[in-house]
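Being a predicted model, the structure only gives us computed values, none of them experimental. Note on naming: letters A, B, ... go to the chains in the order of the sequence lines (proteins, then strands), and numbering restarts at 1 for each one.
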Number of protein chains: 2
Amino acid sequence: MTKMRASGKKSVSIKDVAKLAGVSVSSVSRYLNGGSNVSPASQKKIAQAIETLNYRPSALARALVREINPAIAVVTINSSQLGPTQMLGGIEARARERGASITISVPETDRREDILNSLHMAADQNPLGIIFMYPDMVDENISDFFPLEGPYVMVTGQQTMGAHEVSLCDQEGGEIITRYLLSLGHKTVYHVAVPVRLEYNRRLQGWRKALENTGSYIPDPIICGWDPEDAREIGRRLALNDDVTAVFAGNDELAIGLISGLRDMGKRVPDDVSVAGFDDHPLSGFWDPGLTTIHQEFIRAGRESVDLLLRQIPQYQENPDGGITDANGDETEISKKSLDIHGKLIIRNSTGAPRQEK
Amino acid sequence: MTKMRASGKKSVSIKDVAKLAGVSVSSVSRYLNGGSNVSPASQKKIAQAIETLNYRPSALARALVREINPAIAVVTINSSQLGPTQMLGGIEARARERGASITISVPETDRREDILNSLHMAADQNPLGIIFMYPDMVDENISDFFPLEGPYVMVTGQQTMGAHEVSLCDQEGGEIITRYLLSLGHKTVYHVAVPVRLEYNRRLQGWRKALENTGSYIPDPIICGWDPEDAREIGRRLALNDDVTAVFAGNDELAIGLISGLRDMGKRVPDDVSVAGFDDHPLSGFWDPGLTTIHQEFIRAGRESVDLLLRQIPQYQENPDGGITDANGDETEISKKSLDIHGKLIIRNSTGAPRQEK
DNA sequence: CTGAAAGCGCTTACAG
DNA sequence: CTGAAAGCGCTTACAG
C-alpha cells in the first residue's frame with residue numbers, strides 16, 4: 001500500500017488507514033464521506049489513524065471513481081493581456097467559492113492544431129467543463145473546435161455562438177467611444193486596432209459602424225501589435241497628419257503608446273489630438289492626461305463564466321438561491337445560457353474638442 | 001463501458017476501443033504507449049477504432065496508475081499583481097515545453113489555514129510538485145507550511161529557505177535603487193512600502209541598508225496598500241514636506257500613484273522630487289516622465305522555477321542537455337537547488353538631482 | 001505479438 | 001454498523 005511517489009516520498013493510502021484503525025476500507029471510505037453508518041468507536045479510531053498517518057485521500061482516485069473531477073479547465077490565448085489576466089482572477093475566485101479547482105492551458109500559438117491540442121489536453125482531465133477565453137481571437141472558425149464533449153463556455157468580444165457565452169460587448173463599446181469622440185466635434189476618428197482577425201475585431205467594427213451611421217469619413221484602420229512600442233511608432237506617424245484630431249486605440253496600453261509617439265513629435269493630448277482607449281486599465285486614471293476609455297468588467301466576466309459553466313452540470317445546479325431550473329429541472333430562460341456584460345464610457349482628460357480650424 | 005459523464009455526455013473508454021478493434025485492452029494500451037509489440041494489422045484496426053470512436057485516454061486514470069500526474073500546482077497570493085501574473089506566464093510556458101500541465105490555486109486570504117488549505121488541495125492532485133509564489137508575503141512563518149510531502153519550489157523576494165528556491169533579490173534591488181538616488185545628491189530617500197510583512201519586506205530592507213551604510217537619515221517607511229490610489233494620497237501628504245526630495249516606491253504602480261499625488265499638489269517630478277519604482281512595469285517606460293526602476297525578470301523566474309521543480313523528479317531529470325546529475329545520478333551542485341535572479345537598474349527620467357538649496 | 005490478471009486508490013451497492 | 005466484492009479507466013508484468 002505505502003507506495004513511492006514520483007518524488008520518492010511514500011504516500012499513504014486508504015488501506016493504510018484501514019489497517020492501522022483496524023477497520024475495513026469501506027468504513028474508512030464511509031467516514032471520509034460524511035461518517036454516516038460508522039460507529040462512534042470506529043470513527044474515533046479512523047480519525048486517529050488519519051491523524052497519525054497524515055492521510056489525505058487522493059483527489060485523482062476520487063475523480064476517477066466518481067467520474068467527476070471538480071476542476072474547471074480554462075484555455076486562453078494572450079494570457080498576459082489585461083483582460084485574460086483579470087478574468088482569470090475572477091474565474092479563480094468564483095471557482096473557489098463553488099468548490100472547484102482550476103487548471104489552465106494556453107496554446108503554444110494561435111494555430112488551429114495548437115488550440116485543438118490545448119482544448120483536448122484540457123478535456124482529458126475530465127474537468128467539469130472548459131472555459132475558453134477569446135476564441136474569436138483565433139485565426140480560425142470557432143465551430144471548427146466545438147462541440148468538444150462536455151460543457152463549455154466561451155468568453156467573447158461579441159455574442160455570436162448563440163449559447164454558453166459571456167460577451168464583453170466590444171462592438172457596442174467601440175461604437176460608444178467613437179460616437180463620443182465625434183460628439184466632441186471631431187470630423188472623424190482614426191482607429192489603431194488591436195491585432196485581432198478583422199472579422200472578429202468587434203471594437204473595430206463598432207468604430208466603423210459609428211462612423212458609417214454618422215456619415216463620417218472612414219479612414220483605414222491602422223493595425224497595431226500588442227506592444228505599446230508599436231503604437232508609439234504609429235503615433236509618430238500619425239503626428240505628421242494634421243487631419244488626425246481624434247484616435248481611438250484598441251486598448252489602453254496602445255493608447256498610452258500612441259500618446260507617447262504623438263508627444264515625441266510635439267503634439268499635445270488632447271489639445272492637438274484626442275486619444276481614447278479601451279478596457280480601463282488600472283493605471284489609466286493615473287495617466288497624465290487621464291485616459292478616456294471604456295471600462296470593462298473583466299473580473300465579473302470571469303465569475304459569470306464559472307456560473308454559466310456550472311449551470312450546465314446537474315450536480316452543481318443551484319436551485320435554492322436562484323430558480324435556475326423550473327419544476328421539470330429544465331432551464332427556464334434561454335437568457336441564462338449567455339450573458340452580455342456591457343462596457344461603460346469613462347470620460348477623462350485625454351479627449352476634448354478639436355482645436356479651432358487653423 | 002460507455003459511461004455517462006457529469007455533463008451527461010457519454011465517454012468512451014479503452015474497452016470500447018478494444019472491442020471495436022477486436023483486440024485486447026492490453027494491446028490497445030500498448031498501442032497507446034508507443035506501439036511496440038503490436039502487429040501492424042492490429043495497429044491499423046486500433047487506430048481506426050480510436051478514430052471512429054473519437055477516443056482519448058483518460059488523463060486521470062493514467063495519472064492514477066502511473067502514480068505520476070504530469071501537472072505542476074502553483075499556489076500564489078496576490079495573483080493579480082504584476083509579478084505573479086508574469087511569473088505565471090513563464091511557468092505556464094516552460095511547463096508546456098516540458099510536457100506538464102498547470103493547476104493554480106490561490107488562498108482565499110493570507111491566513112494560515114487558507115494557505116494550508118490551498119497547499120493541500122494542490123498536493124491532493126498528486127502533482128509533480130508545487131510552486132509556491134511569494135510565501136514570504138504570508139503573515140506566518142514559512143516553515144509552518146513545509147515540508148509538505150513532495151517536491152516544491154518557492155519563489156521569494158530573498159533567498160532564505162536554503163533550498164529549492166528562486167529569489168528575486170529584492171533586497172539587493174532596494175539597495176541599488178536607493179544608492180542611485182543618493183548618488184544623485186539627495187540627502188536621504190523616503191520609502192513608500194508595499195503592504196508586506198516588515199520582516200519579509202526585502203525591498204524595504206535594502207532601502208534601509210543603503211541608508212545605514214551611507215550614514216543617511218532614515219525616515220520612517222510609509223506603509224501603503226496595493227492600490228495606486230493609496231499611493232496618491234501619500235503623494236499628496238509628502239508634497240507638504242519640503243524635505244522630501246527623493247522617494248522610492250515599493251513598486252511601479254505605487255510610484256505612478258505617488259507621482260499623481262505629488263502633482264496634485266503642484267510638485268514637479270523630477271524637478272521638485274525624484275520618484276523611483278520597482279519591477280519595471282511594461283508601461284513604466286511610457287510614463288511621463290519615464291520611471292526609474294529596477295527591472296525584474298519575472299518571466300524568467302517563472303521558467304526557472306519549473307526547471308528547479310522538475311529537477312527534483314527522477315523522471316524529468318534532463319541529463320542530456322545539462323549535466324544536472326553526475327555519474328551516480330546525484331545532484332552535482334548545491335547551487336542548482338536555488339537561484340538568484342538579479343534585478344537591473346533602469347534609469348529613466350523620473351529621477352534627477354535635487355534642486356539647488358532654496 | 002497477444003491476452004488474462006492484478007493493481008493504482010478510491011466508492012458504492014450488497015449482504016450480513 | 002460493517003466488510004467483501006466489483007468497478008472506475010488505465011498500465012504492467014506474466015505467461016503464452
Colleague: Would you mind telling me which of dC10(C), dG3(C), dT11(D) lies closest to the side-chain atoms of Asn33(B)?
Modeller: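 The answer is dT11(D), which lies nearest to the side chain.
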Colleague: Less than 3.5 Å between a donor and an acceptor, one on the side chain of Ser26(A) and one on the base of dA4(D), is that the case here?
Modeller: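 Counting by modelled atom types and ignoring angles, a donor-acceptor contact under 3.5 Å is found here.
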Colleague: Please state how far atom NZ in Lys15(B) lies from atom P in dG9(D), giving the value in whole angstrom units.
Modeller: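 It is 7 Å, rounded to the nearest whole Å.
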Colleague: For the pair made of CG in Asn126(A) and P in dC10(D), what is the distance, rounded to whole Å?
Modeller: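 One finds 10 Å between P of dC10(D) and CG of Asn126(A), rounded.
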Colleague: Give a yes or no on whether a salt bridge exists between Arg98(B) and Asp307(B), defined as a side-chain N under 4.0 angstrom from a carboxylate O.
Modeller: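 Salt bridge: yes.
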Colleague: Do any side-chain nitrogens or oxygens of Ser39(A) fall under 4.0 Å of OP1 or OP2 in dT2(D)?
Modeller: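 Checking dT2(D) against Ser39(A), a side-chain N or O does come within under 4.0 Å of OP1 or OP2.
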Colleague: Testing Val23(A), Ile50(A), Val25(A), Leu32(A) for side-chain contact (heavy atoms from CB on, under 4.5 Å) with Val17(A), which one passes?
Modeller: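 Of all the options given, the one that passes is Ile50(A).
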Colleague: Partner lookup for dG16(D), please. Criteria are Watson-Crick or G-U wobble with both distances under 3.5 angstrom; report none if nothing qualifies.
Modeller: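 Pairing partner, where one exists within any strand: dC1(C).
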Colleague: Quote, to the nearest angstrom, the P distance that separates dT2(C) from dG9(D).
Modeller: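 Pairwise P distance, dT2(C) against dG9(D), rounds to 24 Å.
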Colleague: Check the distance between dT12(C)'s P and Asn37(A)'s CG and give it to me in whole angstrom.
Modeller: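 In whole Å, dT12(C) P and Asn37(A) CG are 13 Å from each other.
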Colleague: Which listed nucleotide (dC8(C), dA4(C), dC10(C)) is nearest to the side chain of Arg30(B)?
Modeller: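 Selected nucleotide: dA4(C).
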Colleague: Need one value for Ser27(A): base, sugar-phosphate or nothing, where a base atom within 4.0 Å counts as base even if backbone is also close, heavy atoms only.
Modeller: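 Sugar-phosphate, no base atom in range.
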Colleague: dA6(D) C1' sits how many Å from Glu67(A) CD, rounded?
Modeller: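 About 14 Å, once rounded to whole Å.
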Colleague: Across the strands shown, which category fits Ser58(B) at heavy-atom distances under 4.0 angstrom: base, sugar-phosphate, nothing?
Modeller: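 Contact class for Ser58(B): sugar-phosphate only.
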Colleague: Using a strict cut-off of less than 4.0 Å between a Lys/Arg side-chain nitrogen and an Asp/Glu carboxylate oxygen, indicate whether Arg111(B) and Asp114(B) qualify as a salt bridge.
Modeller: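 Here Arg111(B) pairs with Asp114(B) in a salt bridge, since their nearest N and O are under 4.0 Å apart.
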Colleague: Using atom types as modelled and distance alone, determine if a side-chain donor or acceptor of Asn126(B) lies under 3.5 Å from a backbone N or O of Leu64(B).
Modeller: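 A pair under 3.5 Å: no.
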Colleague: When you match Gln43(B) and Ala61(B) each to their closest nucleotide on DNA chain C, which lands nearer the 5' end?
Modeller: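 Here Gln43(B) is the residue nearer the 5' end.
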Colleague: Name every donor-acceptor pair, under 3.5 Å, that has one atom in a side chain of residues 34-42 of chain B and the other anywhere in the protein, sequence neighbours excluded.
Modeller:
from, atom 1, to, atom 2, distance (Å)
Ser39(B), OG, Ser42(B), N, 3.1
Ser39(B), OG, Ser42(B), OG, 3.0

Colleague: What is the distance, to the nearest angstrom, from the CD atom on Gln125(A) to the P atom on dG9(D)?
Modeller: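 So the two atoms are 16 Å apart, to the nearest Å.
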Colleague: Determine the Euclidean distance between corresponding P atoms of dC1(D) and dC10(C); express it in Å to zero decimal places.
Modeller: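 Here dC10(C) and dC1(D) have their P atoms 24 Å from each other.
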Colleague: Whole angstroms only, please: what is the CD1-P distance between Ile14(B) and dC10(D)?
Modeller: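 Rounding to the nearest Å, CD1 of Ile14(B) and P of dC10(D) are 6 Å apart.
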Colleague: Taking for each residue the nucleotide of DNA chain C with the nearest heavy atom, is it Val38(B) or Arg62(A) whose nucleotide lies nearer the 5' end?
Modeller: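 This one resolves to Val38(B).
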Colleague: How long is the line joining OH of Tyr55(B) and C1' of dG9(D), in whole Å?
Modeller: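 The answer, rounded to whole Å, is 7 Å.
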Colleague: Does Ser42(A) make a side-chain N or O approach to OP1 or OP2 of dT2(D) shorter than 4.0 Å?
Modeller: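 It does, given that an N or O in the side chain of Ser42(A) lies less than 4.0 Å from OP1 or OP2 of dT2(D).
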Colleague: Rounded to whole Å, please give me the gap between CG in Leu60(A) and C1' in dT11(D).
Modeller: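 Going from Leu60(A) (CG) to dT11(D) (C1'), I get 14 Å.
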